[in-house]
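By convention here, the first residue in the shown sequence is residue 1.
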Amino acid sequence: DSTVAKVVLARGNASGQDSPVKPRRKLAEEQGIAGRAYSYHADAARKGRLKKLAAKLGVAADPLYYLLIGWNERHLQEYSNGKENPHWIVPEIDTEGFIVGLQKRYCEGSKSHVTGTARGLVCAPSIMQRTSGPILICEGMTDTAALMTLGIACVGRPGANSGVDLLDAALIDAVRRGRKVIVLGENDRKPSGLWPGRDGAKAIAAKLADRWRIPVAWALTPNSAKDSRSWLNSRKLDLSDKDSCAAAGREFIASVMDSLTFESPKFDSEAAKLDAILAEADKVNKESQAHTESPDAQESKICHKSCCHN
């Protein structure tokens, strides 16, 4: 199952921490998560279910196929003793593209996670890699599908303030190649003043900045739209017209780029001490080389400078 499910995503972990891949993948292989995901996806592809879901969400159908969205109706008795209603299945992947988790989305809007499966990222790695422009880190499946509809490279994190280890390992190679990464937050401010979308995006950006040791940007959805799907729906686009969707995507990115806030890395004291030690060692090494240089070599340098001036 894991061989079938594998697709390539960026590798590496800048923080040097243990990879979050192995324990999730081992669990997924033990439970046959990938095989179940493909079975659910096959059921969703039948009878135009994914096209109907796309129409309901206001996104193009292609992203739902790329994300392997599934439908669970036949297997309810097997996995829940028939006590659940039919629901959509959203596969979540690890940093190398293996399916490690399954999220359940019920038709009335509630969500839960399949017991015993791990949390992961919502992403179509091959599409993200060949899509130009910055990579947007959004929240959840519907925003990922909306951004993909607009032709924007994106990856969905599992929650407003979660998934840092996975995002770090998945995107570090792209960052090293100079690709911009932007954390996108939702305009979901509560009457109480709490703002999980903004606070989560800011926190994720700050943590990635510490991991990558570079400033990382975050922004809210443009035009005060609650999220990316709301922004897309407000455009009333013909979603079958890819040129129109791409033009809207460029407008979306331009608005995001105009409202970036950067979180700078906060170097810890141990890292600062190490940098100072390395700098001092380099200085001592250079001084040592200068003092131990042979008289003949020094005379040769003097003669060379004299000749250059003449």
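- Between atom OG1 of residue Thr149 and atom CG of residue Leu57 there is a gap of 9.5 Å, rounded to the nearest 0.5 Å.
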Between Thr144 and Val155, is the side chain to side chain contact (heavy atoms under 4.5 Å, CB included) condition met? List the steps.
CA-CA 6 Å; Thr144 303; Val155 54; over 6 Å; no
Run the side chain to side chain contact (heavy atoms under 4.5 Å, CB included) test on Phe252 and Leu136 for me, step by step, so that the C-alpha distance in whole Å, both residues' side-chain angles and the decisive distance to 0.1 Å come before the verdict.
CA-CA 11 Å; Phe252 186 97; Leu136 269 54; 3.7 Å; yes
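- His113 places no side-chain N or O within donor-acceptor distance of the main-chain N or O of Lys104, the cut-off being under 3.5 Å.
- Put simply, the side chain of Ile135 does not reach to within 4.5 Å of the side chain of Ile182, judged on heavy atoms.
- Nearest heavy-atom pair, Ala170 versus Thr95, reported as atom, atom and distance to 0.1 Å: N-CG2, 3.8 Å.
- Between Leu237 and Ala248, the shortest heavy-atom contact is CD1-CB, 3.6 Å.
- The cationic atom of Arg229 (NZ for Lys, CZ for Arg) does not lie both less than 6.0 Å from the six-membered ring centre of Trp231 and within 45° of the ring axis.
- Atom-to-atom distance recorded for Trp218:CH2 and Leu208:CG is 14.0 Å, nearest 0.5 angstrom.
- When all heavy atoms are compared, the tightest approach of Cys107 to Pro86 is SG-O, 4.3 Å.
- Within the 4.5 Å cutoff, the side chain of Ser244 has no heavy atoms near those of the Lys242 side chain.
- The OG1 atom of Thr117 sits 11.5 Å away from atom CD1 of Ile99, with the distance rounded to the nearest 0.5 Å.
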Between Arg198 and Glu186, does the side chain to side chain contact (heavy atoms under 4.5 Å, CB included) criterion hold? Intermediate values first, please.
CA-CA 6 Å; Arg198 181 200 62 186; Glu186 297 184 358; over 6 Å; no
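- A donor-acceptor contact closer than 3.5 angstrom is absent between the side chains of Trp195 and Asn187.
- The shortest heavy-atom contact between Asp188 and Gly197 is OD1-N, 2.9 Å.
- There is a path of hydrophobic side-chain contacts, each under 4.5 Å, that joins Phe262 to Ile253.
- Annotation: side chain of Arg36 is not in contact with side chain of Asn72 (no heavy-atom distance under 4.5 Å).
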If you apply the rule side chain to side chain contact (heavy atoms under 4.5 Å, CB included), what do you find for Ile137 with Leu171, and how did you get there?
CA-CA 10 Å; Ile137 300 174; Leu171 299 176; 3.7 Å; yes
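- For the pair Lys226/Arg189, no side-chain contact is recorded, criterion being any heavy-atom separation below 4.5 Å from C-beta on.
- The minimum heavy-atom distance linking Ile204 with Ala160 is given by the pair CG1-O, 3.7 Å.
- No more than 12 heavy atoms of other residues, nucleotides or ligands sit less than 6.0 Å from atom NZ of Lys180.
- At least one side-chain heavy atom of Cys245 sits under 4.5 Å from a side-chain heavy atom of Leu239.
- Considering CG of Leu121 and SG of Cys154, their distance stands at 11.5 Å, rounded to 0.5 Å.
- Under 4.0 Å is where a charged nitrogen must lie from a carboxylate oxygen, and between Arg235 and Glu251 at least one such pair does.
- A distance of 10.5 Å separates CG of Leu67 from CG of Asp62, quoted to the nearest 0.5 Å.
- Ion pairing of Asp210 with Lys207 is absent here, as no side-chain N (NZ or NE/NH1/NH2) approaches a carboxylate O to less than 4.0 Å.
- The residues Asp173 and Arg176 are annotated as salt-bridged, a charged nitrogen and a carboxylate oxygen being separated by less than 4.0 angstrom.
- Judged purely by distance below 3.5 Å, without hydrogens or angles, the side chains of Ser230 and Asp227 pair a donor atom with an acceptor atom.
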Could you please spell out the steps behind the salt bridge (Lys or Arg N to Asp or Glu O under 4.0 Å) verdict for Asp165 and Arg211?
CA-CA 9 Å; Asp165 288 343; Arg211 299 285 183 90; 2.7 Å; yes
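- At distances below 3.5 Å, at least one donor-acceptor pair connects side-chain atoms of Arg49 with backbone N or O atoms of Asp43.
- Leu68 is listed as a side-chain neighbour of Tyr38, based on a closest heavy-atom distance under 4.5 Å.
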Determine whether Trp212 and Asp168 satisfy the following criterion, side-chain hydrogen bond (donor to acceptor under 3.5 Å, both in side chains), listing intermediate values before the conclusion.
CA-CA 8 Å; Trp212 297 338; Asp168 172 18; 3.0 Å; yes
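- The CG atom of Leu232 lies 10.0 Å from the CG atom of Asp143; values are rounded to the nearest 0.5 Å.
- The minimum heavy-atom distance linking Thr221 with Ser228 is given by the pair CG2-N, 3.9 Å.
- Contact of the Gln103 side chain with the Trp88 side chain is not registered, since no non-hydrogen atoms from C-beta on lie closer than 4.5 Å.
- A donor-acceptor pair shorter than 3.5 Å cannot be found between the side chains of Glu263 and Thr261.
- Comment: Glu92 does not engage Arg157 in a salt bridge, judged by the lack of any side-chain N to carboxylate O separation of less than 4.0 angstrom.
- Annotation: side chain of Ser234 is not in contact with side chain of Asn223 (no heavy-atom distance under 4.5 Å).
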